[in-house]
Novice: 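Have a look at the structure that comes next, please.
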Amino acid sequence: MALNFIRKFVLSSFLFATAAASAETFVFTAIPDEDETKLVERFRGVADYLSEQLDVDVRYIPVKSYAAAVSAFRNNQVQLAWFGGLSGVQARRLVSGSEAIAQGVEDEAFETYFIANTNTGIKPADKLTELESQLKGKTFTFGSKGSTSGRLMPEFYVRDTFDSKPEDFFSRVGFSGNHTRTLRLVEAGTYDIGALNFQVWEKELGDGNIDTDAVQVIWKTPAYPDYQWTIRGDVNDRFGDGFKQRVTEALLNLDNPELLESFPRSGFIPASNDDYEPIRKTAEEIGILD
Amino acid sequence: MFSSPTVRTSFIFLAIALVGLLFADIAITASNPWRDLGNFFLGIVTPNFFSSEGLMTALLRTVAFAFVGVALGGVVGFLLALIYRSLPVRMFCAFVRAIHELFWALIFLQFFGFHPLTGVLAIAIPYAGIFAKVYSEILEEADPEPGRVLPPGTGNITAFLYTRIPDCWVKMRTYTAYRLECGLRSSAILGFVGLPTLGFYLEASFSQGLYSDAGAMLILFYVLIATMPLWVRPKLLPVYILGAPFFLGEGLPIVWGNVQRFFTEDIVPAPLRNGEGLAGVTPWLSDLMVNEAMPGIWNTIVLTQIALVATGILSLLAFPLISNHFGGPIRRNAGHVALVIARSTPEYILAYILLQLWGPSMLPAVVALALHNGGIIGHLIGRQTNSIKLRADAITGFNRYSWELVPRVYRAFLAFLFYRWEIIMRETAILGILGIYTLGFYVDSAIQNIRFDRAMVLILVTALLNIGVDALGRYIRRKLALQTMPTC
């Protein structure tokens, strides 16, 4: 017993030491916008791919909230992150020199879908104003509090169109946590209406995971820029000259169909901080950013 | 009947809760809550212990964080207990224990990030405040007689070690063991904000409706707590305490610059940071108070008062389950199992489960708080009735319950209930993180928007509210002359 303990003790202190020594692991994270199993599967694939391309140890760490992803990036505990539009803007404001380096092909023109449980009898419309009388007083769920497609844009359009705060316009406003949950909660009728990332809807629909008799899309927002890979400005000092460029190229060249399908994106294209100006302005307008 | 102060107090609180119900948001919003609840129970009876490779590691980490956090909190708490007479020390302890473990974790996450220190301090700090208070109370009650018979010239430390400690040892040991159980619960829920403990996996499987996976985790957690007397042995404690720090996981390295930044920039109110000076602080603060603090305080109080009365009612209904005066051994054993499950499940996890099943409103929170706290008080009161000797020809059935037993334990019952008032409020605030509009909701929103200045003010408001309720609870207990030993 005692011997066994000493052995474990020595072994674990050794592990502790080696973990500290290999500090030059390139760590990245992602906003938890979907079911965790999906995220872990997706980003372990990305970690393996990047590790192969960059020739350094690459580690993905899962987090429980959008803010935790931003904080980890800001605190230099991760050097790269797959952010949404809003979380990316927040992160880049906090870390000078950080840059949006790549976005999905679909992220140039992203959309939010408003979905409704069919029991509400709400019919799809082209303009949100047409739905005013049908939506008023219903229950409504966003995704995460820090989400672009699940919170920022839908809140903006509700305020802009109906000229009132969501909590005044709807009888109950909730935050489901992520897009998959929004879909499940509206499908189950826990909320009458929800707003979610259109890619999640399309993917789940394609995979046959949506009961279309129970839930349907009732309105689509105009297009806006969304997800992107953002990297810290100081990675070259830490991982060698040209590292940022190599990460960018690796992401842009990612063409493994299975991995892309898991995002789901058809590929990655260059991005810049300026692409996200519309998001920053919208966030300031509704008071999420100071 | 109304001339009795205990009865009068009970009815006043009942009336407050009933008025609160008029303002409270109580509803089941899920369209098929019973089907989901059925699926959940199906998951519990068909547990899947091999769902996640990380499950055993998570269990190990849960135990490790609990041991390190409680041990550190215990040592610091003991030292503080020695100087507990000093007012600043008492105020400091009251303040640190008024802030919930999860709030502490959310604060440390901002600058230590995913380093084990975050979880350890989140447990150790509030626990040190609680230990200091309880240890000092135990030391106060020690028999002064042995000290008087010491020869003159005996040193203070020697006198303390040889006269006070032996007298208090058993009580302190019992309380510390009990705290360790609380520590396991705290450690488990830290996973909900991203630390590598059980809550991390529980949240993941629950949110995806993987009830068999979640069921397995809950069962393992119950087994862990129920078997504590078997594996927490005095001889093994040094091994656990020395070994635990090595099983916290490596996390990510701390960047010390972040700590400085947090204190010198992040929590400085935005108007000051942006150079608007003190003139800008007033509108900033009033906006925060009117739009977030006030609704948060209101909802926290309403929910607390309803949950307090629900807890009381449930405790009174639950204690016969384990009382020797009712039913046979089979029913009593079943009763014990039910109460162990109710009190071993942290409120946060219960509320999380019920919110998933019934949809968002105050109802899941009330039920969760009542089940957990009612389980604890029911257990304590039930045990107390077992020491009551009734006459051989005493009345039976409902009359025995209402005329013989309840009146005898009622004062003890109220003492426990008022003792837990502050604990219920602290939990109520934290349940806001799950989406109920109590103070925790606004704290979480501020953190999600990376506005730590606002979050800190709201956490401060929450702490002051808890300190206020704690003082009021103590005042009422003193007024009614109720005595109690602490519970967590």
Novice: Quick test of your reading of the model: are A/Arg280 and A/Glu284 salt-bridged, counting only N-O distances below 4.0 Å?
Specialist: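 Yes, charged N to carboxylate O under 4.0 Å.
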Novice: Output the option from A/Gly174, A/Ala188, A/Ala68, A/Ser144 having the highest count of non-hydrogen pairs under 4.5 Å with chain B.
Specialist: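 Option with the top pair count is A/Ala188.
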Novice: Side chain from CB out, backbone as N, CA, C, O: work out which of these in B/Ile28 comes under 4.5 Å of a heavy atom of chain A, or both, or neither.
Specialist: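 When you check distances to chain A, no heavy atom of B/Ile28 falls under 4.5 Å.
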Novice: Could you walk me through whether A/Tyr191 and A/Phe140 pass the ring-ring contact (aromatic ring centres under 6.0 Å, His included) check?
Specialist: CA-CA 6 Å; A/Tyr191 286 97; A/Phe140 179 87; 8.2 Å; no
Novice: At a heavy-atom separation under 4.5 Å, does B/Phe441 approach chain A through its side chain, its backbone, both, or neither?
Specialist: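 Contact with chain A is through both the backbone and side chain of B/Phe441.
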Novice: How would you list, by chain and number, every residue that makes a side chain to side chain contact (heavy atoms under 4.5 Å, CB included) with B/Pro364, sequence neighbours excluded?
Specialist: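 For B/Pro364 the side chain to side chain contact (heavy atoms under 4.5 Å, CB included) partners, ignoring immediate neighbours, are B/Leu354, B/Leu355, B/Trp358, B/Ser361.
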Novice: Restricting to non-hydrogen atoms, name the atom on A/Glu34 and the atom on A/Leu39 that form the minimum distance, rounded to 0.1 Å.
Specialist: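 What the structure gives for the nearest pair is O-CD1, 3.6 Å.
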Novice: A/Glu41: which residues meet the side chain to side chain contact (heavy atoms under 4.5 Å, CB included) condition with it, sequence neighbours left out?
Specialist: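 For A/Glu41, no residue satisfies side chain to side chain contact (heavy atoms under 4.5 Å, CB included) once neighbours in sequence are set aside.
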Novice: Under a 4.5 Å heavy-atom cut-off, does chain A meet the side chain of B/Phe262, its backbone, both or neither?
Specialist: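 For B/Phe262, no heavy atom lies under 4.5 Å from chain A.
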Novice: Out of B/Ser205, B/Ser445, B/Gly359, B/Gly209, which one racks up the most heavy-atom pairs below 4.5 Å with chain A?
Specialist: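 Most heavy-atom pairs under 4.5 Å with chain A: B/Ser445.
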Novice: Can you say whether A/Ser176 sits under 4.5 Å from chain B via the side chain, the backbone, both, or neither, judging by heavy atoms?
Specialist: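 Interface part for A/Ser176: neither.
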Novice: Going by the rule side chain to side chain contact (heavy atoms under 4.5 Å, CB included), which residues pair with A/Pro166 if we only count those two or more places apart in sequence or in a different chain?
Specialist: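 A/Phe142, A/Glu155, A/Val158, A/Arg159, A/Phe170, A/Val173.
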Novice: Which residues from residues 78-94 of chain A are near chain B, with near meaning under 4.5 Å between non-hydrogen atoms?
Specialist: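 Interface residues of residues 78-94 of chain A: A/Gln90, A/Leu94.
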Novice: Given heavy-atom pairs under 4.5 angstrom as the criterion, report whether the side chain, backbone, both or neither of B/Phe114 touches chain A.
Specialist: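 B/Phe114 touches chain A through backbone and side-chain heavy atoms alike.
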Novice: Quick check on A/Pro32 against chain B: is it the side chain, the backbone, both or neither that has a heavy atom closer than 4.5 Å?
Specialist: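 Contact with chain B: none, neither part.
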Novice: Please determine, among B/Pro360, B/Ala27, B/Gly113, B/Gly194, the option with the most heavy-atom pairs under 4.5 Å with chain A.
Specialist: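 It is B/Pro360.
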Novice: Closest approach of B/Phe452 and A/Ser71, non-hydrogen atoms and distance?
Specialist: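 That would be CZ-OG, 4.1 Å.
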Novice: Could you tell me which portion of A/Arg74 (side chain, backbone, both or neither) has an atom closer than 4.5 angstrom to a non-hydrogen atom of chain B?
Specialist: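 Backbone plus side chain of A/Arg74, per the 4.5 Å heavy-atom cut-off to chain B.
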Novice: Between the side chains of B/Asn48 and B/Asp213, is a donor N or O closer than 3.5 angstrom to an acceptor N or O?
Specialist: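 Yes, side-chain donor-acceptor contact under 3.5 Å.
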Novice: Looking at side-chain heavy atoms only, is the closest gap between B/Phe192 and B/Phe200 below 4.5 Å?
Specialist: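 Not touching, per the 4.5 Å side-chain cut-off.
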Novice: To the nearest 0.5 Å, what is the distance between CG on A/Leu152 and CG on A/Leu289?
Specialist: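 That separation rounds to 8.5 Å.
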Novice: Measure distances from B/Asp25 to the heavy atoms of chain A and classify the residue's part below 4.5 Å as side chain, backbone, both or neither.
Specialist: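 Interface part for B/Asp25: side chain.
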Novice: Who wins among A/Arg59, A/Glu36, A/Arg184 for the most heavy-atom pairs under 4.5 Å with chain B?
Specialist: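 With the most close heavy-atom pairs to chain B, the winner is A/Glu36.
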Novice: Less than 4.5 Å to any heavy atom of chain B: does that hold for the side chain of A/Tyr66, its backbone, both, or neither?
Specialist: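 Interface part for A/Tyr66: both.
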Novice: Is the centre of the A/Phe28 ring less than 6.0 Å from the centre of the A/Phe73 ring?
Specialist: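 Ring-ring flag for A/Phe28/A/Phe73: false, centres at least 6.0 Å apart.
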Novice: Do B/Asp453 and B/Arg451 sit within salt-bridge range, that is, some charged N less than 4.0 Å from a carboxylate O?
Specialist: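 B/Arg451 and B/Asp453: not salt-bridged.
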